[in-house]
Amino acid sequence: MSQTVGVLALQGAFAAHIAILESLGVDTIEVRSAEQLADVDALILPGGESTTVSMLLERFGLLEQLRSRIHDEQLPVFGTCAGMILLAEEILDGRADQHCLKALPMSARRNGYGRQLASFETDLDIDGLDEPFHGIFIRAPTVERIGAGVEVLAKVDGQPVMCRHEAVTVASFHPELSGDARLHKRWLVDAGLIPA
Ligand code: GLN
């Protein structure tokens, strides 16, 4: 049976992720319902507004199911920007009622790059890639703390911007906006969904 990669499509930058996944030849679906979430073999949590996505996950009845797929079934997930915030163990400067999925031992600070650096672009040296990857940061979170077993795959000014912990990969930037499929490909290879 062929494998299906989902992109959580409640709000935010999901369309560009779908386009990149399709360019890699994997079956891809937008996830908005419990049936769709139950069907996927891996899931991207895109950028957007983490407070809104948190509220919509609850409203659509997906929050507990997503927690259980991540914690009990080790569903491979890739969280980008707001998706990274949602996957964190702790959210700093979040809204009091904002949920986090505690998928990896990490604290993320919303809008952690502050007003002046709110959005910026920079070439990143990413562990395992031969050539730099152009990172686009849009009101990105900062990584404030990582726990045992978290691999740091890229840094900006000494601070992690891409990390991996077991089946969970997070990036504080928008890898879907650079016209470069290498990070999606690598995640799919790590998840065992496509050959290396
Ligand atoms: N600042 C947003 C948040 O707190 C994230 C921005 C993004 O995903 N580009 O959720």
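In each ligand, atom 1 is the first atom listed, and ligand 1 is the first ligand listed.
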Atom CZ of F173 and atom CE of M162: how far apart are they, to the nearest 0.5 Å? 5.5 Å
With D180, which residues qualify under side-chain contact (heavy atoms from CB on, under 4.5 Å), at least two apart? F133, S178, R182
Partner of L8 under side chain to side chain contact (heavy atoms under 4.5 Å, CB included), picked from V53, L56, V40, is V53
Could you label the plane-to-plane angle of the F120 and Y113 rings as parallel, tilted or perpendicular, counting under 30° as parallel and over 60° as perpendicular? perpendicular
Ring centroid separation for F78 and H184, is it under 6.0 angstrom? yes
Neighbouring residues of ligand 1, heavy-atom cut-off under 4.0 Å: G47, G48, E49, S50, C81, A82, I85, R110, N111, I138, R139, H174
S107 and side chain to side chain donor-acceptor pair (under 3.5 Å): which single residue from R145, E89, E144 fits? R145
